[in-house]
Asker: 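Before we start, here is the structure in question, set down as structure tokens.
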Number of protein chains: 2
Amino acid sequence: MIRIAIVDDKLRNRRIVAEKLSVSNRFQVIFEAGDGNEFLDKIRTLESSHLPDIILMDLEMPEINGIAAIAIASSLYPAIKFVVLTVFDDDDKIFSAIKAGASGYLLKEESGGVIVDMLLNLWESGAGPISPSIAYKILQMLKTRETPNAGGSEQPDIFQLSQREKEILELLAEGFEYKEIGDRLFISPNTVKKHCISIYQKLHVNNRAQALKIAYMKGLI
Amino acid sequence: MIRIAIVDDKLRNRRIVAEKLSVSNRFQVIFEAGDGNEFLDKIRTLESSHLPDIILMDLEMPEINGIAAIAIASSLYPAIKFVVLTVFDDDDKIFSAIKAGASGYLLKEESGGVIVDMLLNLWESGAGPISPSIAYKILQMLKTRETPNAGGSEQPDIFQLSQREKEILELLAEGFEYKEIGDRLFISPNTVKKHCISIYQKLHVNNRAQALKIAYMKGLI
DNA sequence: TAGTCAATAATCCATTTGGATAGTTCTTTT
DNA sequence: AAAAGAACTATCCAAATGGATTATTGACTA
């Protein structure tokens, strides 16, 4: 089963979306939310093993709009796929949503069959679903942009961090605390703490934020 | 009738494409070519009233490849729509083709029905046809490009952080603690803490590391 | 003029963190 | 076999953090 969450301020819209999904029995709507705040609150209370796989997100909502919600949640939950499902197709929103971390952008006018097919495809092959007219707009945007700059070469490992330490540094960057990291790695939080202190020593810093700064700046994560 | 030209170095491929188009009776293949040179020669001999409406262009061809042919012909005949029809989906080719002036990019694996639908749609609404997997790659490309805020236009502040909060977020990212930040800004560490908590609420996180993660990922700092 | 909001400040309290120190176990290297 | 290094665990303690709450000021707005 593919776990879905639906975020839309209109109950009626959520019903319609759920109805369209019911064309297939592969989907299970595990929760719904009426705006970005409610969504972020609800997802924060979920254990990581109960997180949804795909979020269907409307953009026009009170309080926090869908783009901000995607920006926040896609950082916190990188494994979740965010798919915009809206009636709007203005360039700004498309671009903002993609930059915010959306994997796909579907128009509500799409039929249930198309939506189901595209979501299944997203789940199985990782290809983000995009409505044709949206694809065309994206193409137009790309056409007007300049060619990309070739990336520079990185040389990690100058800090002599052990494998375990790198692992823990990544989890620190995720925002986990000692206990949570210990749970994930099946070790004591005391051990996690020991590793952290070793990391700080090797990076020549004395707190987490400084270590994360170096980690981000030097591309360790 | 929509006038079509097919450019592909394999006769067999041209036959297959023509076959797929015959699903609809709206299309008329007015000429074919086996490489870019031949195509450019043939189209040059046509009177402007007999020009094709849409060119279906393979990319891998001898002499002059499809991208070069599109680049030249799209300049000479701006009214003609150029659609890439190929088996390749590498990022470089997609990007080059779009820059060269292609209106669409279809994979040969698409069914005749899909191709016909998309070409009709191109003709009627101007929306360029793009295979879903290509659309996804384009989206990925767009995602990794820099935001087009060359000089004046700042992107909207989706997190609604106040000026002071942004200032403090930057200092947090430097690795400073409440007291140090307070000293720098000439305010009480209590106030700094209050700002931090407000920041966490707006970002929907509950500790510093998570806030920094979003800040780094979303380019707030 | 009343209301809202940003910024300031403080207090209480529980939790988390950083630092130091002291071990054990296991593997790899010498 | 001894040495070195990693990963692991633990305890003590002081400092820093986060959360909730309350309150004052000044600026902008309805």
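In what follows, every chain begins at residue 1, and chains take the letters A, B, ... in the order their sequences are listed. Keep in mind the model is a prediction, meaning the values are calculated, not measured.
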Asker: Would you give me the side-chain donor-acceptor pairs under 3.5 Å for residues 24-31 of chain A, sequence neighbours excluded?
Answerer:
{"from": "A/Ser24", "atom 1": "OG", "to": "A/Arg26", "atom 2": "N", "distance (Å)": "3.0"}
{"from": "A/Arg26", "atom 1": "NH1", "to": "A/Glu124", "atom 2": "OE2", "distance (Å)": "3.1"}

Asker: When you get a sec, tell me which of D/dA6, C/dA7, D/dC8 is the closest nucleotide to the side chain of B/Ser162?
Answerer: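 The nucleotide sitting nearest to the side chain is C/dA7.
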Asker: How long is the line joining CD of A/Gln163 and C1' of D/dA6, in whole Å?
Answerer: 12 Å
Asker: Looking only at side-chain N and O atoms, does B/His195 come under 4.0 Å of OP1 or OP2 in C/dT8?
Answerer: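 Yes.
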Asker: Determine the contact category for B/Thr191: base if any of its heavy atoms lies under 4.0 Å from a base atom, sugar-phosphate if only primed atoms, P, OP1 or OP2 are that close, otherwise nothing.
Answerer: base
Asker: How many Å lie between CG on A/Leu169 and P on D/dA7, as a whole number?
Answerer: 14 Å
Asker: From the options A/Glu109, A/Lys108, A/Glu110, select the one residue that forms a side chain to side chain donor-acceptor pair (under 3.5 Å) with A/Ser131.
Answerer: A/Glu110
Asker: Distance from B/Ile98 atom CD1 to B/Ile67 atom CD1, nearest 0.5 Å?
Answerer: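 Here the rounded value is 10.0 Å.
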Asker: Roughly, in whole Å, what's the span from CG in A/Leu185 to P in D/dA7?
Answerer: 12 Å
Asker: Using a cut-off of less than 4.0 Å, is there contact between a side-chain N or O of B/Asn190 and OP1 or OP2 of C/dA10?
Answerer: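 Yes.
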Asker: Taking atom P of D/dC8 as reference, at what distance in whole Å does atom CD1 of A/Ile199 sit?
Answerer: 12 Å
Asker: For nucleotides 27-30 of chain D, which of its nitrogen or oxygen atoms have a protein nitrogen or oxygen under 3.5 Å away, and what is each distance?
Answerer:
none

Asker: Whole angstrom is fine here: how far is it from NZ in A/Lys202 over to P in D/dG5?
Answerer: 11 Å
Asker: For the helix from C/dT1-D/dA30 to C/dT30-D/dA1, figure out the bend between the end axes, five pairs an end, and round to 10 degrees.
Answerer: 50°
Asker: Give every pair of a protein N or O atom and an N or O atom of nucleotides 15-21 of chain D that lie under 3.5 Å apart, one pair per line with the distance.
Answerer:
{"from": "D/dA16", "atom 1": "OP1", "to": "B/Glu177", "atom 2": "OE2", "distance (Å)": "2.8"}
{"from": "D/dT17", "atom 1": "OP1", "to": "B/Arg208", "atom 2": "NH1", "distance (Å)": "2.8"}
{"from": "D/dT17", "atom 1": "OP1", "to": "B/Arg208", "atom 2": "NH2", "distance (Å)": "3.1"}
{"from": "D/dT17", "atom 1": "OP2", "to": "B/Tyr178", "atom 2": "N", "distance (Å)": "3.3"}
{"from": "D/dG18", "atom 1": "OP1", "to": "B/Arg208", "atom 2": "N", "distance (Å)": "2.9"}
{"from": "D/dG18", "atom 1": "OP2", "to": "B/Tyr178", "atom 2": "OH", "distance (Å)": "2.9"}
{"from": "D/dG18", "atom 1": "OP2", "to": "B/Tyr200", "atom 2": "OH", "distance (Å)": "3.0"}
{"from": "D/dG18", "atom 1": "O3'", "to": "B/Asn206", "atom 2": "O", "distance (Å)": "3.3"}
{"from": "D/dG18", "atom 1": "N7", "to": "B/Lys193", "atom 2": "NZ", "distance (Å)": "3.1"}
{"from": "D/dG18", "atom 1": "O6", "to": "B/Lys193", "atom 2": "NZ", "distance (Å)": "2.4"}
{"from": "D/dG19", "atom 1": "OP1", "to": "B/Asn206", "atom 2": "O", "distance (Å)": "3.2"}
{"from": "D/dG19", "atom 1": "O6", "to": "B/Lys193", "atom 2": "NZ", "distance (Å)": "2.6"}

Asker: Who passes side chain to side chain donor-acceptor pair (under 3.5 Å) against A/Asp58, sequence neighbours left out?
Answerer: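 For A/Asp58, the residues satisfying side chain to side chain donor-acceptor pair (under 3.5 Å) (neighbours in sequence not counted) are A/Thr86.
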Asker: When the distance from CD1 of B/Ile181 to P of C/dT8 is rounded to whole Å, what number comes out?
Answerer: 12 Å
Asker: Show the atom names and distances, to 0.1 Å, of all donor-acceptor pairs under 3.5 Å that link a side chain in residues 75-84 of chain A to residues at least two apart or in another chain.
Answerer:
{"from": "A/Ser75", "atom 1": "OG", "to": "A/Ala71", "atom 2": "O", "distance (Å)": "3.1"}

Asker: Whole-Å distance between C/dA9 C1' and B/Arg164 CZ?
Answerer: 13 Å
Asker: I need the CG-P distance between B/Leu161 and C/dC5, as an integer number of Å.
Answerer: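 Distance, rounded to whole Å: 16 Å.
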